[in-house]
2 protein chains.
Amino acid sequence: MQNDQHTSENILCAAEEVFADNGIAATSLRAIVKKAGANVAAIHYHFGSKEALIRAVFHRHIEPINNERLALLNALEADTSPITMEQLVHAFLAPMFHYFARQPQRVRGLFARLHSEPQWTRPILQQHHKILERFQQAFMHVAPELSAGQVRFRMTFMMGSMGIILSPNHPLLNGEQREAQTMEKMLSEIIKFNAAGMAAQAK
Amino acid sequence: MQNDQHTSENILCAAEEVFADNGIAATSLRAIVKKAGANVAAIHYHFGSKEALIRAVFHRHIEPINNERLALLNALEADTSPITMEQLVHAFLAPMFHYFARQPQRVRGLFARLHSEPQWTRPILQQHHKILERFQQAFMHVAPELSAGQVRFRMTFMMGSMGIILSPNHPLLNGEQREAQTMEKMLSEIIKFNAAGMAAQAK
DNA sequence: AATTGATTAAAACAAGTGTTTAAATCAATT
DNA sequence: AATTGATTTAAACACTTGTTTTAATCAATT
């Protein structure tokens with residue numbers, strides 16, 4: 001018996017990089033194994049299929065992010081003082097940015113694909129669905145004048161705003177604009193924007 | 001000589017539908033011509049390549065939308081009364097929704113791909129780039145305390161929030177939630193959200 | 001009715017796709 | 001040293017991809 005994990009780890013990292021660069025749909029297994037220095041069959045040996053590989057690639061990153069999200073939310077709710085909208089948006093968004101800060105760049109680009117290629121990532125998003133409902137409850141508690149539908153909408157807007165800035169090569173923000181800003185600055189900007197949006201009058 | 005336009009029109013409509021349903025990257029030319037009742041070679045005869053077809057598909061819709069955007073912006077600036085943030089966000093977002101309202105559903109799904117598959121749409125987005133700078137100036141005029149970079153960021157957030165709700169089958173909003181809301185309701189919600197976000201304190 | 005030029009059609013092209021098979025290789029245990 | 005079971009490899013599988021070619025078809029003009 002042999003527990004190398006060595007090749008499968010290489011494949012996961014290579015897949016992250018190629019997915020981030022070229023997208024999931026446009027990526028062939030051969031492009032992955034070439035970068036990983038492995039054989040095509042290794043993917044099916046270690047993961048079973050392309051789809052299962054995609055699940056594995058995202059899963060190991062989503063798990064810790066959502067755990068930190070829940071930890072922050074729990075901490076907020078444990079405290080006696082009333083929760084502010086900025087705190088809640090922070091609990092939802094900051095874990096992504098903090099996770100990206102301590103991971104290789106490709107992980108950020110990988111996550112840009114999460115919302116931009118639903119074809120492939122739908123089962124992944126659906127799997128981590130409970131956390132959205134958990135935050136929805138929290139948002140409705142902070143902004144009780146909003147209907148459930150309104151909260152849901154605004155959370156979706158928020159995720160859209162987050163998704164679009166992750167993409168390392170999105171045409172809307174060119175390289176200079178993006179890289180001039182530190183991750184921390186970007187985080188504070190997006191929190192300000194979305195906290196204001198979430199708190200907008202229900203009318 | 002013959003000016004049928006008939007087949008190329010069929011191809012454009014079929015392409016819209018299949019792009020909306022399955023994404024651009026995942027769509028083969030054969031899937032398009034099958035739905036259009038045409039031959040594979042017809043695409044290359046009428047458009048030249050898959051890439052050129054994609055350009056043509058988007059171009060005929062983007063043009064009128066951006067024209068209406070500019071018309072609204074010009075009207076606002078022509079008026080003597082100071083422009084409000086809601087008015088400006090409305091001028092930017094409403095033309096898309098109004099255009100979708102008078103087009104077949106597939107056009108909405110098609111536009112969801114515009115920001116979610118930059119691989120294919122980058123040249124298109126870059127081509128219609130001037131209008132973004134035009135609106136950036138307007139936003140900076142309405143919110144003079146914001147830096148150019150901040151305005152750019154917030155406009156990007158806004159486009160992200162818009163892009164994510166266009167997708168007809170995005171996992172975040174399930175069918176009931178989406179269809180329960182009329183287009184007009186959705187528009188007013190997203191305008192409120194983004195106007196508040198754009199107007200958030202610069203700190 | 002014949003000719004012209006635009007349009008369509010079927011077939012083939014070379015290259016790339018995810019997946020499977022069967023043999024080779026490896027490290028560790030007997 | 002031989003055996004075992006996990007891992008890797010090269011090759012082939014059947015199928016799809018965008019594009020090109022060549023011949024057929026069409027409507028209109030001569």
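The figures that follow rest on heavy atoms only: side chains count, while hydrogens, waters and symmetry mates do not. Order of the sequence lines sets the chain letters (A, B, ...), proteins ahead of strands, with each chain counted from 1. Every value quoted in this text rests on a predicted model; they were computed, and no experiment measured them.
The number of heavy atoms from other shown groups lying within 6.0 Å of CD (A/Gln201) does not exceed 12.
With D/dT9, C/dA9, C/dT7 as the choices, the nucleotide that has an atom nearest any side-chain atom of B/Thr7 turns out to be C/dT7. When distances are taken from the side chain of B/Leu29 to each of D/dG18, D/dT21, C/dG18, the shortest belongs to D/dG18. Closest contact between the side chain of A/Lys50 and the listed nucleotides D/dA6, C/dG18, C/dT21 involves C/dG18. Distances were taken from every side-chain heavy atom of A/Tyr45 (C-beta onward) to each of C/dT19, D/dT7, C/dA10; the shortest belongs to D/dT7.
With pairs defined as Watson-Crick or G-U wobble and both atom distances under 3.5 Å, the stems of at least three pairs that touch DNA chain C come out as C:1-30 with D:1-30.
For the side-chain contact (heavy atoms from CB on, under 4.5 Å) criterion with B/Phe97, the lone passing option out of B/Ile65, B/Ile191, B/Leu187 is B/Leu187.
Inter-residue side-chain proximity for B/Ser147 and B/Met140 is flagged as unmet; no heavy-atom pair is nearer than 4.5 Å.
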Contacts under 3.5 angstrom, residues 53-62 of chain B side chains, donor-acceptor by atom type, not counting sequence neighbours:
unit_1: B/Arg55; atom_1: NH1; unit_2: B/Glu51; atom_2: OE2; d: 3.3
unit_1: B/Arg60; atom_1: NE; unit_2: B/Glu16; atom_2: OE2; d: 3.3
unit_1: B/Arg60; atom_1: NH1; unit_2: B/Glu9; atom_2: OE2; d: 3.4
unit_1: B/Arg60; atom_1: NH2; unit_2: B/Glu16; atom_2: OE2; d: 2.7
unit_1: B/His61; atom_1: ND1; unit_2: B/Tyr99; atom_2: OH; d: 2.6
unit_1: B/His61; atom_1: NE2; unit_2: B/Glu16; atom_2: OE2; d: 2.5

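Within the 3.5 Å criterion, the main-chain N or O of A/Ile124 finds no donor-acceptor partner in the side chain of A/Thr121.
With no hydrogens or angles considered, no side-chain donor-acceptor pair links A/Asn22 and A/Arg113 at under 3.5 Å. If you check the side chains of A/Arg30 and A/Asn39, you find no donor sitting under 3.5 Å from an acceptor.
Contact annotation: side chain of B/Arg30 to base of D/dG18, donor-acceptor pair present below 3.5 Å.
A/Lys34 has its NZ atom 17 Å from the C1' atom of D/dA10, to the nearest Å. For the pair B/His6 NE2 and C/dT7 C1', the computed distance is 12 Å after rounding to whole Å. As a whole-Å value, the separation of B/Phe47 CZ from C/dT7 C1' is 14 Å. In this structure, the NE2 atom of B/His44 is 5 Å from the C1' atom of D/dT19, given to the nearest Å. For the pair A/Ile43 CD1 and C/dT20 P, the interatomic distance rounds to 13 Å; values are reported in whole Å. To the nearest angstrom, P of C/dT17 lies 11 Å from CD1 of A/Ile32. As rounded to whole Å, 13 Å separates atom C1' of D/dT22 from atom CG of B/Asn39. Taking atom CD1 of B/Ile11 as the reference point, atom P of C/dT8 lies 8 Å away to the nearest angstrom.
Remark: B/Ser28 is in phosphate contact with D/dT17, judged by side-chain N or O atoms under 4.0 Å from OP1 or OP2. The phosphate of C/dT8 has OP1 or OP2 within less than 4.0 Å of a side-chain N or O from B/His46.
Along DNA chain D, the nucleotide closest to B/Ala26 and the one closest to A/Ala42 are compared, and the more 5′ of them pairs with A/Ala42.
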